[in-house]
Protein chains: 2
Amino acid sequence: MILKSQVEWALHCCAILAGLPEGRYLSTKALAELHGLPKEYLSKALQSLSQASLVETTLGPSGGYRLARAPSEVNFLEIVEAVEGKARSFTCTNIRENNPCRPAGYCDSKPCAVARIMWEADEAWRETLRRVRLSDLVGTLSEEVPPDIWRDTFEWVLKRAG
Amino acid sequence: MILKSQVEWALHCCAILAGLPEGRYLSTKALAELHGLPKEYLSKALQSLSQASLVETTLGPSGGYRLARAPSEVNFLEIVEAVEGKARSFTCTNIRENNPCRPAGYCDSKPCAVARIMWEADEAWRETLRRVRLSDLVGTLSEEVPPDIWRDTFEWVLKRAG
DNA sequence: GAATTAAGGATATATGTTATCCGCAAATGG
DNA sequence: CCATTTGCGGATAACATATATCCTTAATTC
Ligand code: FES
Ligand code: FES
């Protein structure tokens, strides 16, 4: 069970977009360069964010992406699910139905107890991510990243933002 | 991010082994037949349980598997990690290091804030599984599975247990 | 009109999951 | 001793998914 690297990319891109001044856009090219990522493939991750209505886009030179909502109104789970999908990590294939001691055509009233426990853990994972807002991340980063790097980065970004 | 089907298999097999009388063994063949699974491949999952010291084995006819500990001393996480591995679901590839505004050779004191949040969610998932004992599952199953099927199943199992 | 952008389709490559097969050593029962 | 059965590990193939690149299209800017 491993998350796509797209998840890391999308989260970092959102953190950058969160620091973008109102009304400006940042292109795939800039985001790819800033993070050292393949532009074409990063584009797919950003498209996922767009389809999930987490970001807005505009075309042409000076086009790109910006957040569709305030960073305090976006949580981690939304970003993760946008690129990773909403499917649960555990899928029950109903192997209990293969028990030879079962009457043919017998139908279970509840999902299997094993699956319910696995789904409970899955929900705990989601709930943890749901509780973290994008603004929380930006707050932590702005404290932990050395001030000069932080400043230089957004200077770099603004130079490329349309 | 999706768990292997082996996880479902291993959990169901452990539930059956938990109901096995002291000192008896159940073979891969019987477990595969009971759950309608490919014997050779299920064997890999059981080998994982064996390597994790969750089950004990014996060879020859009348050989097979039995739990190495009491069901109340085994939790879900141990079983899941035995087949799925202990690696975290989120892997940080340190894309922050590619930031062109970073001084060359600069070294971070902490893991990235993004990774820490993702790992926190991962830990919440693990903690949920850690809290569920194999005996809890057996308790739930014995309540939910219709009594006649439950009885027939263990009759079927005992007929094949060495 | 020329350049730039996001979007989406097609395709290739790498990796991981699922599955099967085989040979080996240990245990059982005759 | 011998035939059978078992778990174990290695090798291999089939299949799915993740990663990555390329190309076309339409919108936007200047
Ligand atoms: S049958 Fe799928 S988890 Fe029990
Ligand atoms: S650099 Fe990997 S999560 Fe931030």
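Each chain gets a letter, A, B and so on, in the order the sequences are listed, and its residues count up from 1.
- Of the residues in residues 84-95 of chain B, none lies under 4.0 Å from DNA chain C by heavy-atom distance.
- Linking Ile, Leu, Val, Met, Phe, Trp and Tyr residues whenever their side-chain heavy atoms come within less than 4.5 Å places Trp150(A) and Leu20(A) in a single cluster.
- Using a cut-off of 4.0 Å between Lys/Arg side-chain N and Asp/Glu carboxylate O, Lys110(B) and Glu144(A) are scored as salt-bridged.
- Listed by first then second residue, pairs satisfying side chain to side chain donor-acceptor pair (under 3.5 Å) with a partner in residues 151-162 of chain A read Thr153(A)-Asn99(B), not counting sequence neighbours.
- Partners of Ser142(B) under the side-chain hydrogen bond (donor to acceptor under 3.5 Å, both in side chains) rule, at least two apart in sequence or in another chain, do not exist in this structure.
- Considering CG of Leu141(B) and SG of Cys112(A), their distance stands at 6.0 Å, rounded to 0.5 Å.
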Expected rows: protein N/O vs nucleotides 27-29 of chain C N/O, under 3.5 Å:
none

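- With rounding to whole Å, Gln47(A) atom CD is found 13 Å from dT24(D) atom C1'.
- Among the heavy atoms of the strands lying under 4.0 Å from Gln51(A) are primed sugar atoms or P, OP1, OP2 only; no base atom is included.
- Side-chain heavy atoms closer than 4.5 Å link hydrophobic residues (I, L, V, M, F, W, Y) into clusters, and following such links, even through other members, never connects Phe76(A) to Ile2(A).
- Hydrophobic cluster membership is shared by Leu67(B) and Leu11(B), with clusters built from Ile, Leu, Val, Met, Phe, Trp and Tyr side chains linked at under 4.5 angstrom.
- Taking a cutoff of 4.0 Å between a charged side-chain nitrogen and a carboxylate oxygen, Arg102(A) and Asp148(B) do not qualify as a salt bridge.
- Scored by the salt bridge (charged side-chain N to carboxylate O under 4.0 Å, His left out) test, Arg133(B) finds Asp136(B) as partners (sequence neighbours excluded).
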Every protein N/O lying under 3.5 Å from an N/O of nucleotides 19-23 of chain D:
from    : atom 1 : to      : atom 2 : distance (Å)
dT19(D) : OP1    : Ser5(A) : N      : 3.2
dT19(D) : OP1    : Ser5(A) : OG     : 3.2

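- For the pair Ile2(B) CD1 and dG16(C) C1', the computed distance is 13 Å after rounding to whole Å.
- A continuous path of ILVMFWY side-chain contacts below 4.5 Å connects Leu34(A) to Ile149(A), so both sit in one hydrophobic cluster.
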Under 3.5 Å donor-acceptor pairs involving side-chain atoms of residues 35-45 of chain A, not counting sequence neighbours:
from     : atom 1 : to       : atom 2 : distance (Å)
His35(A) : ND1    : Leu31(A) : O      : 3.0
Tyr41(A) : OH     : Gln6(A)  : NE2    : 3.3
Ser43(A) : OG     : Gln47(A) : NE2    : 3.1

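- In this structure, Glu56(A) atom CD and dA7(C) atom C1' are separated by 16 Å, rounded to whole Å.
- Screening residues 18-32 of chain B for side chain to side chain donor-acceptor pair (under 3.5 Å), with sequence neighbours left out, gives Tyr25(B)-Arg66(B).
- When the salt bridge (charged side-chain N to carboxylate O under 4.0 Å, His left out) test is applied to Glu78(A), the partners found at least two apart in sequence or on another chain are Arg69(A).
- At a threshold of 4.5 Å between side-chain heavy atoms, the hydrophobic network of Ile, Leu, Val, Met, Phe, Trp and Tyr places Val132(A) and Val80(A) in one connected group.
- The residue Ser50(A) sits close only to the backbone: its heavy atoms come under 4.0 Å of sugar-phosphate atoms, none of a base.
- Residues of residues 11-30 of chain B having a heavy atom closer than 4.0 Å to DNA chain C: none are found.
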For residues 117-128 of chain A, run the donor-acceptor check on the side chains, cut-off 3.5 Å, and write out each pair with its distance to 0.1 Å, sequence neighbours left out.
from      : atom 1 : to        : atom 2 : distance (Å)
Trp119(A) : NE1    : Phe90(A)  : O      : 3.0
Asp122(A) : OD1    : Arg126(A) : NH1    : 2.1
Asp122(A) : OD2    : Ser89(A)  : N      : 2.9
Asp122(A) : OD2    : Ser89(A)  : OG     : 2.7
Asp122(A) : OD2    : Arg126(A) : NH1    : 3.2
Glu123(A) : OE2    : Arg130(A) : NH2    : 2.4
Arg126(A) : NE     : Glu81(A)  : OE2    : 3.0
Arg126(A) : NH2    : Lys86(A)  : O      : 3.2
Arg126(A) : NH2    : Ala87(A)  : O      : 3.2
Glu127(A) : OE1    : Arg130(A) : NE     : 3.1
Glu127(A) : OE1    : Arg130(A) : NH2    : 3.1
Glu127(A) : OE2    : Arg131(A) : NH1    : 3.4
Thr128(A) : OG1    : Ala124(A) : O      : 2.9

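- Within a heavy-atom distance below 4.0 Å of DNA chain C, no residue of residues 154-162 of chain B is found.
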